[in-house]
Amino acid sequence: MLEFLLLLETRKDKVSFQELYENTYRRLIFVAEGIIRNRLDAEDVVHDVYTRVARDYPKYRNKSEEDMLSLCIVMTRNSCINIIRERERHRETPIVVREDLLGADKDPLDGLLMQEDLAKMEKAIMQLDTEDKDILVLRYFHDMSYKEIGNMLGIRTKAVDMRLYRIKKKLREVMYNE
């Protein structure tokens with residue numbers, strides 16, 4: 001907390017920021033941990049958010065407590081999404097054909113075809129726009145519910161459902177056309 005206060009100039013800003021911190025810290029941790037599913041990473045994200053807010057605090061000085069909470073939640077959510085995107089960008093997903101899943105009576109050619117299908121799927125996913133990829137990643141890689149995704153992205157649960165339906169349809173079409 002002290003490091004944030006050192007970034008502030010006036011006593012009034014320090015008191016105001018301390019109140020903001022005390023009133024929002026638990027909520028921001030909850031939001032961050034719900035998205036990235038790791039307490040330490042959530043704490044890092046929230047720390048970075050407070051650092052950015054403290055650094056630019058004169059811009060936020062006249063905002064209401066509710067506005068500041070909303071701003072901090074959006075900043076936290078966006079930082080978490082950026083972390084998830086960065087991890088996905090740097091993550092290499094090896095495609096391994098497990099013979100125990102194929103069974104002894106399966107043709108090895110089937111395994112190669114399955115690998116080709118996975119490569120097509122990866123290529124099709126890369127053709128999606130950013131928000132569609134986000135929805136797909138949050139749903140299937142982070143096991144988030146439609147409601148959680150909707151809350152995080154600021155869209156209705158029904159819209160998440162419809163978007164996922166359209167995304168899957170688009171992926172099927174791209175894979176079929178290849």
Side-chain angles (χ1 to χ4, degrees), residues 1-93 122 125-168 170-171:
M1 176 64 152
L2 181 60
E3 66 186 273
F4 303 130
L5 296 177
L6 292 173
L7 295 171
L8 301 169
E9 297 173 9
T10 67
R11 172 120 175 94
K12 183 178 177 184
D13 285 349
K14 291 178 183 186
V15 170
S16 174
F17 184 85
Q18 188 168 0
E19 287 176 13
L20 171 73
Y21 182 88
E22 291 169 358
N23 293 333
T24 60
Y25 181 79
R26 283 188 173 153
R27 292 179 191 171
L28 297 183
I29 289 293
F30 179 78
V31 168
E33 200 170 3
I35 296 170
I36 56 178
R37 311 256 185 218
N38 180 311
R39 178 66 181 208
L40 293 175
D41 289 342
E43 289 174 355
D44 287 344
V45 166
V46 171
H47 181 272
D48 291 343
V49 167
Y50 283 124
T51 301
R52 287 187 309 201
V53 169
R55 196 176 315 123
D56 295 333
Y57 201 72
K59 287 194 300 191
Y60 309 123
R61 186 178 290 137
N62 298 322
K63 290 193 179 281
S64 69
E65 185 177 324
E66 187 176 307
D67 288 343
M68 286 304 296
L69 173 62
S70 296
L71 174 73
C72 289
I73 287 174
V74 168
M75 290 172 74
T76 301
R77 184 193 78 188
N78 291 342
S79 294
C80 290
I81 291 172
N82 288 340
I83 287 173
I84 291 169
R85 283 182 187 152
E86 191 66 26
R87 286 179 183 166
E88 291 301 317
R89 188 177 310 137
H90 294 290
R91 188 173 104 186
E92 292 183 21
T93 309
E122 184 178 355
I125 289 172
M126 296 311 290
Q127 292 177 9
L128 296 173
D129 65 35
T130 304
E131 193 166 300
D132 286 348
K133 277 189 232 176
D134 290 344
I135 290 172
L136 205 62
V137 166
L138 293 172
R139 177 68 180 144
Y140 295 106
F141 290 97
H142 296 285
D143 281 335
M144 292 180 78
S145 69
Y146 290 7
K147 184 177 182 179
E148 290 173 319
I149 295 169
N151 289 338
M152 192 174 90
L153 298 177
I155 57 178
R156 293 185 344 223
T157 304
K158 188 67 177 165
V160 173
D161 183 31
M162 183 53 78
R163 296 278 297 273
L164 276 168
Y165 171 78
R166 290 179 182 154
I167 292 166
K168 288 186 249 181
K170 186 185 291 184
L171 289 175

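Along the sequence shown, residues carry numbers from 1. Model, not experiment: these values are computed from the prediction.
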Name the atoms and distances for all side-chain donor-acceptor pairs under 3.5 Å in residues 146-158, with sequence neighbours left out.
from	atom 1	to	atom 2	distance (Å)
E148	OE1	S145	N	2.8
N151	ND2	K147	O	3.4

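You'll find the side chain of I35 stays beyond 4.5 Å of the side chain of V45, heavy atoms only.
Other residues, nucleotides and ligands contribute only 12 or fewer heavy atoms inside 6.0 Å of the CZ atom of R166.
E43 pairs by the salt bridge (Lys or Arg N to Asp or Glu O under 4.0 Å) definition with R39, not counting sequence neighbours. Remark: Y25 pairs with Y21 by the ring-ring contact (aromatic ring centres under 6.0 Å, His included) rule, at least two apart or across chains. For R77, there are no side-chain hydrogen bond (donor to acceptor under 3.5 Å, both in side chains) partners, not counting sequence neighbours. Checked against ring-ring contact (aromatic ring centres under 6.0 Å, His included), Y57 has the following partners two or more places apart in sequence or in another chain: F17. D56 meets the side chain to side chain contact (heavy atoms under 4.5 Å, CB included) test with K59, Y60; sequence neighbours excluded. In terms of the side chain to side chain contact (heavy atoms under 4.5 Å, CB included) criterion, residue partners of N82 (sequence neighbours excluded) are, by chain and number, R85. Looking at residues two or more places apart in sequence or on another chain, you find a salt bridge (Lys or Arg N to Asp or Glu O under 4.0 Å) between K170 and D132. Scanning for side-chain hydrogen bond (donor to acceptor under 3.5 Å, both in side chains) contacts around K168 gives Y140, with sequence neighbours left out.
For the salt bridge (charged side-chain N to carboxylate O under 4.0 Å, His left out) condition, no pair includes a residue of residues 62-73, sequence neighbours left out.
Residue I84 holds its CD1 atom at 14.5 Å from NZ of K133, rounded to the nearest 0.5 Å. With rounding to the nearest 0.5 angstrom, the CD1 atom of I73 is 12.0 Å from the CG atom of N78. In this structure, the separation between OG1 on T76 and CZ on F30 is 13.0 Å, given to the nearest 0.5 Å. With rounding to the nearest 0.5 angstrom, the CD1 atom of I36 is 8.0 Å from the CG atom of D44. How far CD1 of I167 is from CE of M162: 12.0 Å, rounded to the nearest 0.5 Å.
Taking every heavy atom of both residues into account, S79 and V49 meet most closely at OG-CG2, 4.2 Å. In plain terms, the two heavy atoms of A32 and A42 that are nearest each other are CB-CB, 3.6 Å.
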Exercise. Between L136 and L171, is a side-chain contact (heavy atoms from CB on, under 4.5 Å) present by the stated rule, with each step listed?
Worked result: CA-CA 11 Å; L136 205 62; L171 289 175; 4.1 Å; yes
Problem set entry | Steps toward side-chain contact (heavy atoms from CB on, under 4.5 Å) verdict (V53, M68) | CA-CA 9 Å; V53 169; M68 286 304 296; 3.8 Å; yes
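In terms of modelled atom types and a separation under 3.5 Å, the side chain of S16 and the main chain of K12 share no donor-acceptor contact.
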